[in-house]
Amino acid sequence: MLDVINPVSVTLDVETANPQLEVSEDLKSLRWTWTQRSLPETRKRFTHWFCVLGSEGFTSGRHYWEVEVTGNRRWILGVAAESVERKDPVSLIPETGFWTIGRFDDQFYINSSPGSRLRVGQIPGKVGVYLSYESGTVSFYNVDTKSHLHTFTGNKFTEKLYPFFGTWDENQFLRICSGSDPDWERGGATGW
């Protein structure tokens, strides 16, 4: 029947966090600050975009996690390939290894080439991210309304993918919630 969806408890990898991001002690929340922290410069750390990766990457299976975005008007969420550019400015689109959606003030975007606006009925307070590695899809859901936002399809993933989080809304937190099994979508039109 359906493959098992693995709800995951995602934590943030501080070694990848941009120096202007503050990561909470429990590794579940992040916020952007004006403060440039003095951190070791490593090949893993993002220095251009205000973003961070999850600690655990995936090379197979179906994985689901949720992120509370309430109060944050500038964020980006999704997955990123292990080999993505972390030092120089690149577009955060599938061609460069990023499968993401984002909000900038009152507009929501699908980060693709060309980019496009994402129509949302109700502004999500919590966003679900679903990765199906073998089927090459990354889907996004408004958890509050249990509705589908967008799915990237037709990808052939060949390397490790990591949960991806970014924010540039000063002092507004993004918080990773415990992953839960999205039973409300099983068997629905989204192809789970």
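Just so you know, these numbers come straight off a predicted model, no measurement behind them. Just the heavy atoms: all of them, side chains too, but no hydrogens, waters or symmetry mates, feed the values below.
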Exercise for review: First locate atom OG1 of T33, then atom CD of E170, and finally report the distance between them rounded to the nearest 0.5 Å.
Suggested key: 7.5 Å
**Study point:** Least distance between heavy atoms, E134 atom then G61 atom
**Key:** OE1-N, 2.9 Å
Review point. Atom NZ of K28 and atom SG of C177: how far apart are they, to the nearest 0.5 Å?
Key: 8.5 Å
Practice item. Please report the shortest heavy-atom distance between K160 and Y133, naming the atom on each side. Key: N-OH, 4.4 Å
Point to revise | Minimum heavy-atom distance between I176 and V10, given as atom pair plus value | key: CG2-O, 3.6 Å
Practice item. Grab the two heavy atoms, one from P163 and one from W65, that are nearest each other, plus how far apart they are. Key: CB-CZ2, 3.6 Å
**Study point:** Closest non-hydrogen atom pair between V90 and W49, with its separation
**Key:** O-NE1, 3.0 Å
**Study point:** Inter- and intrachain pairs under ring-ring contact (aromatic ring centres under 6.0 Å, His included), touching residues 78-98, at least two apart
**Key:** F98-F164
Check your understanding: After noting the C-alpha distance and the side-chain angles of W99 and F157, does the key distance pass the ring pair (Phe, Tyr, Trp, His ring centres under 6.0 Å) rule?
Key -> CA-CA 11 Å; W99 293 266; F157 299 133; 5.1 Å; yes
Check your understanding: Looking at F50 versus W168, is the centre-to-centre ring distance below 6.0 Å?
Key -> no
Review point. What pair of heavy atoms forms the shortest contact from V69 to P124, and how long is it?
Key: CG2-O, 3.3 Å
Point to revise | Residue pair Y162, F58: steps toward the side-chain contact (heavy atoms from CB on, under 4.5 Å) verdict | key: CA-CA 6 Å; Y162 289 86; F58 310 108; over 6 Å; no
Check your understanding: How many angstroms lie between CH2 in W75 and CG in L30, if you round to the nearest 0.5 Å?
Key -> 12.5 Å
Review point. In Å and rounded to the nearest 0.5 Å, what is the CZ to CZ distance from R74 to R103?
Key: 10.0 Å
Check your understanding: Which of parallel (below 30°), tilted (30 to 60°) and perpendicular (above 60°) describes H150 and F140?
Key -> parallel
